Amino acid sequence: MIEMDNKQKFLIYRKKPDGKPVYERFEVPLTPGMSVLEALFYIQDHFDSSLAFRFACRGAICGSCGMTIDKFPQLACKTQVLNAKSTKKPPKLPQLTFGDIPTNWDEKTEILIEPLPNMNIIKDLVVDMEPFWEFYRYVQPYFKREYNDIQPESLQSPEKARSIEHLVYCILCGICWTCPVNDKNSKYLGPTALAKAYRFIADSRLSDEHRSTIVDKVSDTNAVPACEKHFVCNRVCPKNVRPGTAIKNIREEWLSQ
Amino acid sequence: MDQTLNLFSKWESNAGKKPIEIRKAMGETLSHNVFVFRTEIELQQAVSDLKNIQKEFNSVHIPNITTTENRRFNYGLIRTLELRNLIDIAEVTAFAAHWRKESRGAHYRTDYPSRNDDDYLVHSMVIRNEIGNLEMQTKPVKLGIFEPKPREY
Ligand code: SF4
Ligand code: FES
């Protein structure tokens, strides 16, 4: 590994399962193209093997490494250390508070790393995603065909496929839970599950019966009607899924009656 | 379970290297000596390097892993367990590649560029014997209806 001269300071949120949150400083020697995730590996390898964060693919496709970087929820593997400070943040992000940030945090130079917002924190940067998965499963985001049920095939025109393609790209990272409604209503299904619901509602291959089951579920008070149209989800999503627009579409196309 | 806990307290009290140093050494010998084009000298080197790496791993040190609380979501520990398995697989790979003095499929040796069905049309099975050394055992290949021949494009 080529090490460059410069080092980068990180201020990292730490919390033991039953402890109080604290912030810890680490200084990492930079390597060319280093991502925030690689910097976390460096810290785990060299300074503190107990530093907890989720990861898997390292290439912005598994959705495991969502965390708040300088007050902006992002994928750690898709964020370059060198660009972290200069990248423009999306406008109008909600205030995210996880603990008492040390007053000597040098905002200009030190990268602040915190967990994902609006989820319970298990340890360090690892959050409890169970409610997230529960709501995801709740909207039944799948085709109800059996593996041996092969005829007739479910055909779909390229145009129809393209119309939902951006929704299919959701990697279930949970970053869109930055939504202020998730903050105040723990029963809110959240942008992810609703975007997934629309991905299936709008899929020409879904059966009418299954479609109406999903529409029923997302018509509930804690689903589409709870959305307050902040569109924070659209702005933070690392995969351009535009969950807020999907929610708007459900509202206009299916809930107007 | 007891065995695992004993292993963890050993790792915690060991005074050897950090997992990262051992992982780096493993990666280095693999990418230098067990890469796409393989040779006798390099494979020999890898086999002996990996023996040492195994030894070093035996005294690997990783702090704070003996209480349940410290083990929760301890990815440093998980990656050390993974490293243990990686070294085993690396050793087997290098050992078998060194044994197979021919080229076959993705295993390409510049010193033995052609296939040798007389000696190596067998499954190679590496086992660790009672004293901890690797040994090669072989098993005949069931050929079915196809006659083996070189794959040429
Ligand atoms: S919609 Fe975007 S932000 Fe939300 S879970 Fe999917 S990929 Fe992540
Ligand atoms: S590690 Fe998979 S998305 Fe970042």
Side-chain angles (χ1 to χ4, degrees), chain A residues 1-3 10 12-22 24 26-29 31 34-58 62 64-67 76-77 113-116 119-130 174, chain B residues 4-35 46 49 53-54 56-87 89-90:
Chain A
M1 216 192 296
I2 316 158
E3 287 192 359
F10 288 87
I12 301 189
Y13 176 100
R14 306 290 312 263
K15 185 185 168 300
K16 293 216 165 115
D18 308 309
K20 278 214 175 72
V22 290
E24 254 188 275
F26 296 97
E27 205 175 46
V28 176
T31 53
M34 189 182 232
S35 65
V36 169
L37 183 69
E38 282 180 87
L40 292 175
F41 277 129
Y42 190 94
I43 296 169
Q44 194 180 68
D45 282 339
H46 295 271
F47 304 135
D48 186 347
S49 60
S50 75
L51 175 66
F53 52 92
R54 287 206 178 95
F55 65 91
C57 71
R58 309 169 195 221
C62 75
S64 307
C65 69
M67 58 186 71
C77 68
I113 308 278
E114 295 172 305
L116 280 184
M119 300 194 189
N120 287 327
I121 294 154
I122 300 177
K123 180 180 172 185
D124 299 342
L125 306 169
V126 174
V127 292
D128 180 8
M129 303 271 294
E130 203 33 62
Chain B
T4 314
L5 290 180
N6 286 342
L7 182 68
F8 290 168
S9 34
K10 179 173 173 307
W11 285 356
E12 189 177 297
S13 55
N14 271 345
K17 291 187 174 164
K18 286 180 179 170
I20 175 68
E21 300 171 72
I22 301 173
R23 194 182 315 127
K24 260 197 187 155
M26 176 189 75
E28 243 144 62
T29 191
L30 286 177
S31 16
H32 283 124
N33 302 317
V34 201
F35 220 57
D49 285 353
I53 289 168
Q54 278 288 13
E56 278 181 347
F57 186 83
N58 206 22
S59 57
V60 70
H61 171 65
I62 154 164
N64 300 330
I65 48 171
T66 44
T67 66
T68 315
E69 153 101 5
N70 283 336
R71 278 199 301 271
R72 280 188 76 190
F73 274 96
N74 194 323
Y75 281 95
L77 174 58
I78 291 169
R79 289 172 67 222
T80 307
L81 287 162
E82 287 171 354
L83 176 61
R84 182 181 65 162
N85 300 340
L86 282 170
I87 300 172
I89 297 303

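Every heavy atom of this structure was used, including side-chain atoms; hydrogens, water molecules and symmetry mates were not. The structure displayed is predicted, hence computed values, not measured ones. Throughout, protein chains are lettered first and strands after them, A, B, ... in sequence-line order, and every chain is numbered starting at 1.
- Remark: B/R79 CZ to A/D45 CG distance equals 4.5 Å, nearest 0.5 Å.
- The two atoms that bring A/H46 and B/I20 nearest to each other are NE2-CG1, 3.9 Å, heavy atoms only.
- By the 6.0 Å contact criterion, CZ on B/F35 is open, its count of non-hydrogen atoms from other residues, nucleotides or ligands being 12 or less.
- Under the 30°/60° scheme for interplanar angles, the aromatic rings of A/F53 and B/Y75 are found to lie parallel.
- Nearest heavy atom pair, residue A/K123 against residue B/F73, reads NZ-O, 3.6 Å.
- In terms of the side chain to side chain donor-acceptor pair (under 3.5 Å) criterion, residue partners of A/R14 (sequence neighbours excluded) are, by chain and number, A/E24, A/D48, A/S50, A/D124.
- Of the listed residues B/R23, B/R72, B/K18, the one with more heavy-atom pairs under 4.5 angstrom with chain A than any other is B/R72.
- With a 4.5 Å cut-off on non-hydrogen atoms, B/P19 does not touch chain A at all.
- Residue B/R71: no heavy atom, backbone or side chain, is found under 4.5 Å from chain A.
- A/S49 and B/I62 make their closest contact through OG-CG1, 4.0 Å (heavy atoms, listed as atom of the first residue, atom of the second, distance).
- Around the CG atom of A/D128, the shell of radius 6.0 Å holds more than 12 heavy atoms that belong to other residues, nucleotides or ligands.
- Both the backbone and the side chain of B/N74 come within contact range of chain A, judged by heavy atoms closer than 4.5 Å.
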